[in-house]
Novice: 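Right, I'll just put the structure down here and ask away after.
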Amino acid sequence: MVDLSSDLGFIKLKNPVITASGTFGYAEEFQDFFNLDILGAFVLKGIYKDPKPGNSPPRIHETASGLLNSIGLPGPGAKELQKIVKKIHKLTKTPIIINVCGDTDEEYIEVAEIFDKMDEVTMLELNISCPNIKMGGKCPAQDEKHTYKLVNQIKHITSKPLIVKLSPNVNDISSIAISAEEGGADCISLVNTFLGMAVDLDSKKPVFKNLFAGLSGPAIKPLALKLIWEVVQSVHIPVIGIGGIFSGKDVLEFILTGASAVQIGTINIVEPSASVRIIKEIEDIMIKSNIKSLDEIKGKLKI
Ligand code: SIN
């Protein structure tokens, strides 16, 4: 027997596998593929206060070992999501994480306040890093002061653990992570997608109307690992690693680099039941390598 649990300090997850926002719908879509109880936790698609249509198509484009997306955070709005959350909570007791979005700081706060009141919600993940929306061309996670201020404001109105999801599209991710920690974040998740673009030779136009889109999938794994390493060295709060994880081996590499848990994203789109396989692979590798608990290897990269 091996211990797959992941202790984030404010919560102990049964295993380190969390499904990432935007790749797992509202969870109920996945119950035909596997029992939601097996997950460490899941993050629902990012939500604004009011319904949003998202970006016009095309919204995704496959690349070598990756996926570009320009979805634009469509959603039914907070009121509708509250009803969905109540429904999901009846299906599973796996911790539910709400990915909080806002066009303005005030909207972020309003959305956080709405879900803070729900017992069915375990944690909030502040999405300050979506590359596909236009807050004056920038997202809050690209600015230290904005990150600090917003995290601090949210922290004051919520009693739930607060995860802050960072953007890789910055010069110095450590200083943004430190700002989030100083603002009161309980945990950092990184990375959101890398800005990229695709062009269409026939039309001689960019593929996406927004020109740029967010790259995910195995292509970004080495880039993500490097940024996770940097952030782990810079903050004292737990880090959730995200970026091209497709296997149990990938998960253990992220843990070795210092992540306490991981989010799996793009693989859910390719292989909806990937979580089941990945959790089994983690267990198999741990048994084979005589690793009794994740703590035994967490952050133990030999430099
Ligand atoms: C999107 O809906 O555009 C992706 C969400 C994100 O990257 O945060």
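For ligands, and for the atoms within them, numbers begin at 1 and follow the listed sequence.
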Novice: Less than 4.5 Å apart, any side-chain heavy atom of K249 and any of I285?
Specialist: yes

Novice: For T122 and K160: C-alpha separation, side-chain torsions, deciding distance, then whether side-chain contact (heavy atoms from CB on, under 4.5 Å) applies.
Specialist: CA-CA 7 Å; T122 310; K160 308 254 187 231; over 6 Å; no

Novice: Look at the rings of F42 and F24 and say which category their plane angle falls in: under 30° parallel, 30 to 60° tilted, over 60° perpendicular.
Specialist: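 F42 and F24: tilted rings.
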
Novice: Contact between P218 and T266 at the side-chain level, heavy atoms closer than 4.5 Å - yes or no?
Specialist: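 Heavy-atom side-chain distance check fails, nothing below 4.5 Å.
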
Novice: With heavy-atom distances below 4.5 Å as the criterion, would you say the side chains of N15 and I282 are in contact?
Specialist: no

Novice: Could you label the plane-to-plane angle of the F30 and F34 rings as parallel, tilted or perpendicular, counting under 30° as parallel and over 60° as perpendicular?
Specialist: perpendicular

Novice: For ligand 1, give me the residues whose heavy-atom distance to it is below 4.0 Å, by chain and number please.
Specialist: K45, N69, I71, G72, L73, N127, C130, P131, N132, N192

